[in-house]
Amino acid sequence: MLHLDDIATHDELFSWTARLTAQVIGPLGRGESARYFPYDWNLRAFGPPRVLAPAPVLLVEGVGAGRRELRPHLAALLWMELPAPESWARGRRRDGEAQREFWDGWTEAERAHFAGDPSRPHADLTVRATPEGYEVLPGPASPLGPGSPRPNSHSR
């Protein structure tokens, strides 16, 4: 799994595609190990390198994973359906006071990103939180039509 929080920075909330391509997508596409430098959000600096060995599946998690430049490299795009205010509140709770200023800027940056490059219309699957766990449904780009069998739902 690759967390995009390790790739993005305070100065590059969404302009990290070239770095991700050079450090991760390119090497893995050649069957080589990827080597990237995770960003430390508290120190505001890149940390020591991490190695990702080639694997049959790599889950890229985070806002921007379904962006236009990355879609040709994706086997599938999953969209986590969560209202933005709830998502932002979760992030603020997770990151605490130390990242308050970051979150003030993030909300507008995320809105602008999805306004210019929406991911949801390209999702193969939509994942929704339910009181029992998660429900997995066909996404807007799914070949499954309204009468088709639905993917399995999974609870946590």
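Smallest separation of non-hydrogen atoms from Pro38 and Pro48: CD-O, 3.2 Å. Residue Ala109 comes nearest to Leu13 through the heavy atom pair CB-CD1, 3.6 Å, listed as atom of the first residue, atom of the second, then distance. The two residues Pro72 and Arg68 have their closest heavy-atom pair at CD-O, 3.4 Å. Considering all non-hydrogen atoms of both residues, Pro118 and Gly116 come closest at CD-C, 3.8 Å. Here the shortest heavy-atom pairing between Tyr134 and Ala129 reads CD2-CA, 3.8 Å. Between Pro49 and Phe37, the closest heavy-atom pair is CB-CE2, 3.5 Å.
Counting only heavy atoms from C-beta outward, the side chains of Thr126 and Val136 never approach each other to under 4.5 Å. Inter-residue side-chain proximity for Thr9 and Arg19 is flagged as met; some heavy-atom pair is nearer than 4.5 Å. Pro140 is not listed as a side-chain neighbour of His122, based on a closest heavy-atom distance of 4.5 Å or more. With contacts defined as side-chain heavy-atom distances shorter than 4.5 Å, the pair Leu2/Leu59 does not qualify. With a 4.5 Å cut-off on side-chain heavy atoms, Glu81 and Val127 do not count as touching. Between Asp124 and Leu78 the shortest side-chain heavy-atom distance does not fall below 4.5 Å. Here the side chains of His113 and Glu110 are not in contact, with every heavy-atom distance at 4.5 Å or above. Considering only heavy atoms from C-beta on, Pro27 stays 4.5 Å or farther from Ser33 through its side chain.
Here Trp16 and Tyr36 keep their ring centres 6.0 angstrom or further from each other. Ring pair Trp88/Phe102: centre-to-centre distance not below 6.0 Å.
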Run the numbers on Ser119 and Arg67 for side chain to side chain donor-acceptor pair (under 3.5 Å), then give the verdict. CA-CA 6 Å; Ser119 297; Arg67 63 182 14 189; over 6 Å; no

Check the pair Glu69, Asp117 against side-chain contact (heavy atoms from CB on, under 4.5 Å), reporting the backbone distance first and the verdict last. CA-CA 10 Å; Glu69 296 95 335; Asp117 188 1; 4.0 Å; yes

Between Trp41 and Phe46, does the ring pair (Phe, Tyr, Trp, His ring centres under 6.0 Å) criterion hold? Intermediate values first, please. CA-CA 9 Å; Trp41 288 87; Phe46 290 102; 9.8 Å; no

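Within the model, atoms CZ of Arg44 and CG of Asp11 stand 7.5 Å from one another, a figure rounded to the nearest 0.5 Å. We find the CZ-CG distance between Arg71 and Leu77 to be 7.5 Å, quoted to the nearest 0.5 Å. The distance from the CD atom of Glu61 to the CE atom of Met80 is 10.5 Å, given to the nearest 0.5 Å. One distance of note links CZ of Arg92 with OG1 of Thr107; it measures 6.0 Å at 0.5 Å rounding. Distance check: Leu4 CG to Phe14 CZ gives 9.5 Å after rounding to the nearest 0.5 Å. If you take CG on Asp5 and OH on Tyr39, they are separated by 11.5 Å, rounding to the nearest 0.5 Å.
Between Arg50 and Asp6, at least one side-chain nitrogen of the basic residue sits less than 4.0 Å from a carboxylate oxygen of the acidic one, meeting the salt-bridge criterion. Salt bridge Arg90/Asp95: absent, no basic N to carboxylate O contact under 4.0 Å.
No path of Ile, Leu, Val, Met, Phe, Trp and Tyr side chains, each step under 4.5 Å between heavy atoms, connects Leu58 with Leu74, placing them in separate hydrophobic clusters.
Between the side chains of His10 and Glu101, no donor-acceptor pair of N or O atoms lies under 3.5 Å.
For the pair Thr21 (side chain) and Thr17 (backbone), a donor-acceptor distance under 3.5 Å is present.
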